[in-house]
Participant: 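Submitted below is the structure of interest, expressed as structure tokens.
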2 protein chains.
Amino acid sequence: MKIGELAMTALTPVETIRYYEREGLLPKPGRSDGNYRIYEAQHLEHLQFIRHCRSLDMSLAEVRELLMLKNSPLESCGNVNRLLDEHISHVSRRIRELRQLEKQLKVLRRQCGDGGAVNDCGILAELAHASQDGVGETKKRKSHLKAVHHPT
Amino acid sequence: MKIGELAMTALTPVETIRYYEREGLLPKPGRSDGNYRIYEAQHLEHLQFIRHCRSLDMSLAEVRELLMLKNSPLESCGNVNRLLDEHISHVSRRIRELRQLEKQLKVLRRQCGDGGAVNDCGILAELAHASQDGVGETKKRKSHLKAVHHPT
DNA sequence: AGAAACCCTGTAGCTACTATAGAGTCAACA
DNA sequence: TGTTGACTCTATAGTAGCTACAGGGTTTCT
């Protein structure tokens, strides 16, 4: 099948498929006379594996690792478990962080003396204070999980 | 004060300060004879405002908006409240999403017939299935909140 | 005077895509 | 046969919010 059909079947944008190929996550398919990519059933499976992992918010690096483990069938699944456990702990940590955040934001929200002018707004006043709650932790470890915003 | 001192005081990397200036979030300071940036007390306050917002995971766009509201003192704080409420709802939504994710991951984790070879690993088998839980929602709204991973 | 520590600009890199531009291919229809 | 339209190709740039150079200039200390 051609890339468009694969894209429809796997519910994945065409450009994303080509991107995975460039990144070495998806094996290069054969080409038609007109230089179109021609995919087989195994490509679909492979792609669906990747998409399933991504839907669980794993990073492409993690997916890459899983794909490698998948291809070394003699090894034990200890590493698969380890990878998954680590990922779960990333998620749990992020949930804790966000709960903290939510609490702080709700406190902040209550600072507003509703309806007044901006000059008296308790929220802006509060924000101008240096709370510095962990702001400067230079070595703050970064998370790979998706961020919060929706740029509409 | 020079940029290094500002950086130390506000617990913010020097490059980040210059980046905020480029982005128009921090007003351009004066320069010394040797072309060094020279900051005043108000710059420190301004920077701390930004960092406080960022520590609450607001996007730079949101920070920009707040800064504008701050500079129009006659307006009412309705817009400040609105912005904050929206941000809180972003955070809450992301928490719900991650809880869901955590649940799925824990279910998956239990699929492994511990200690066996990769060939029999229930986790990999499960991942190869097309769960497609929302994988293909083309219009999935993006969040601006930080992702989960820590690239070590 | 020389070295260390600071500062400058400009550019490239990070993640995981997404979105063009500009061109080629293929099937169907008049 | 020509042409329209849908599809595909490569290459490049953009997104967020920094971070990390390279290759220079300035200041400060000894």
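Throughout, protein chains are lettered first and strands after them, A, B, ... in sequence-line order, and every chain is numbered starting at 1.
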Participant: Tell me, which of residues 17-31 of chain B have any heavy atom that sits under 4.0 Å from an atom in DNA chain C?
Facilitator: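 Per residue number, the list reads R18(B), R31(B).
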Participant: Do side-chain atoms of T12(B) reach the backbone of A10(B) as a donor and acceptor pair under 3.5 angstrom?
Facilitator: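 At least one qualifying donor-acceptor pair exists.
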Participant: How many Å lie between CG on D57(B) and P on dC18(D), as a whole number?
Facilitator: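 Value for this atom pair: 10 Å.
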Participant: Could I get the full list of side-chain hydrogen bond (donor to acceptor under 3.5 Å, both in side chains) partners for K103(A), not counting sequence neighbours?
Facilitator: Q100(A)
Participant: Quick one: is dG17(D) close enough that its OP1 or OP2 comes under 4.0 Å of any side-chain N or O from T16(B)?
Facilitator: no
Participant: Is R82(A) salt-bridged to E65(A), cutoff N-O under 4.0 Å?
Facilitator: yes
Participant: Mind checking what makes side-chain hydrogen bond (donor to acceptor under 3.5 Å, both in side chains) contact with N35(B), not counting sequence neighbours?
Facilitator: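 R31(B).
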Participant: So do the side chains of E23(B) and R64(B) get within less than 4.5 Å of each other, counting heavy atoms only?
Facilitator: yes
Participant: Using 4.0 Å as the upper bound for N to carboxylate O, is an ion pair formed by R110(B) and D85(A)?
Facilitator: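 Between R110(B) and D85(A) there is no salt bridge, as every charged N stays at least 4.0 Å from the carboxylate O atoms.
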Participant: What is the distance from CG of L47(A) to P of dC17(C), rounded to the nearest Å?
Facilitator: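 Result: 11 Å.
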Participant: Of all residues at least two apart in sequence or in a different chain, which pass the side-chain hydrogen bond (donor to acceptor under 3.5 Å, both in side chains) check with S92(B)?
Facilitator: E102(A)
Participant: Rounded off to whole Å, could you give me the CD1-to-P distance for the I3(A) and dG24(C) pair?
Facilitator: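 So the CD1-P distance, I3(A) to dG24(C), works out to 20 Å.
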Participant: With L66(A) as reference, evaluate L83(A), I50(A), N71(A), N79(A) under the side chain to side chain contact (heavy atoms under 4.5 Å, CB included) test and give the passing residue.
Facilitator: L83(A)
Participant: If each of E5(B) and L60(A) is mapped to the nucleotide of DNA chain C with the nearest heavy atom, which maps nearer the 5' terminus, i.e. the 5' end?
Facilitator: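 The residue whose closest nucleotide sits nearer the 5' end is E5(B).
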Participant: Compare every heavy atom of R51(A) with every heavy atom of P13(A), then report the nearest pair and how far apart it is.
Facilitator: CD-NH2, 4.1 Å
Participant: Please give, in whole Å, the distance from dC6(C) P to I38(B) CD1?
Facilitator: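 The distance from CD1 of I38(B) to P of dC6(C) comes to 15 Å, rounded to the nearest Å.
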Participant: Any protein N or O atoms within reach of nucleotides 26-29 of chain D? Criterion: under 3.5 Å, listing atom names and distances.
Facilitator:
| residue | atom | partner | partner atom | Å |
| --- | --- | --- | --- | --- |
| dT26(D) | O4' | Y36(B) | OH | 3.3 |
| dT26(D) | O2 | Y36(B) | OH | 3.4 |
| dT27(D) | OP1 | G34(B) | N | 3.4 |

Participant: Below the 4.0 Å mark, does dT8(D) have OP1 or OP2 next to a side-chain nitrogen or oxygen of R37(A)?
Facilitator: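 Checking R37(A) against dT8(D): no side-chain N or O falls below 4.0 Å of OP1 or OP2.
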Participant: Verify salt bridge (Lys or Arg N to Asp or Glu O under 4.0 Å) between R18(A) and E15(A), making sure each step is shown before the conclusion.
Facilitator: CA-CA 5 Å; R18(A) 288 197 281 245; E15(A) 305 84 21; 5.0 Å; no
Participant: What's the closest nucleotide to the side chain of P13(A) if the choices are dA16(C), dC8(C), dT18(C)?
Facilitator: dT18(C)
Participant: Take the C1' atoms of the five end pairs on each side of the helix from dA1(C)-dT30(D) to dA30(C)-dT1(D), get both axes, and report the angle to 10 degrees.
Facilitator: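 The end-segment axes of the helix from dA1(C)-dT30(D) to dA30(C)-dT1(D) are tilted 30° relative to each other.
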Participant: Please state how far atom CD in E15(B) lies from atom P in dA22(D), giving the value in whole angstrom units.
Facilitator: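 Checked: the CD to P distance equals 14 Å.
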Participant: Between atom CD1 in I50(B) and atom C1' in dG17(D), what is the gap in whole Å?
Facilitator: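 Rounding to the nearest Å, CD1 of I50(B) and C1' of dG17(D) are 13 Å apart.
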Participant: Is it true that the NZ or CZ of K2(B) lies under 6.0 Å from the centre of Y39(B)'s six-membered ring and within 45 degrees of the ring axis?
Facilitator: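 Checked: cation-pi criterion not met.
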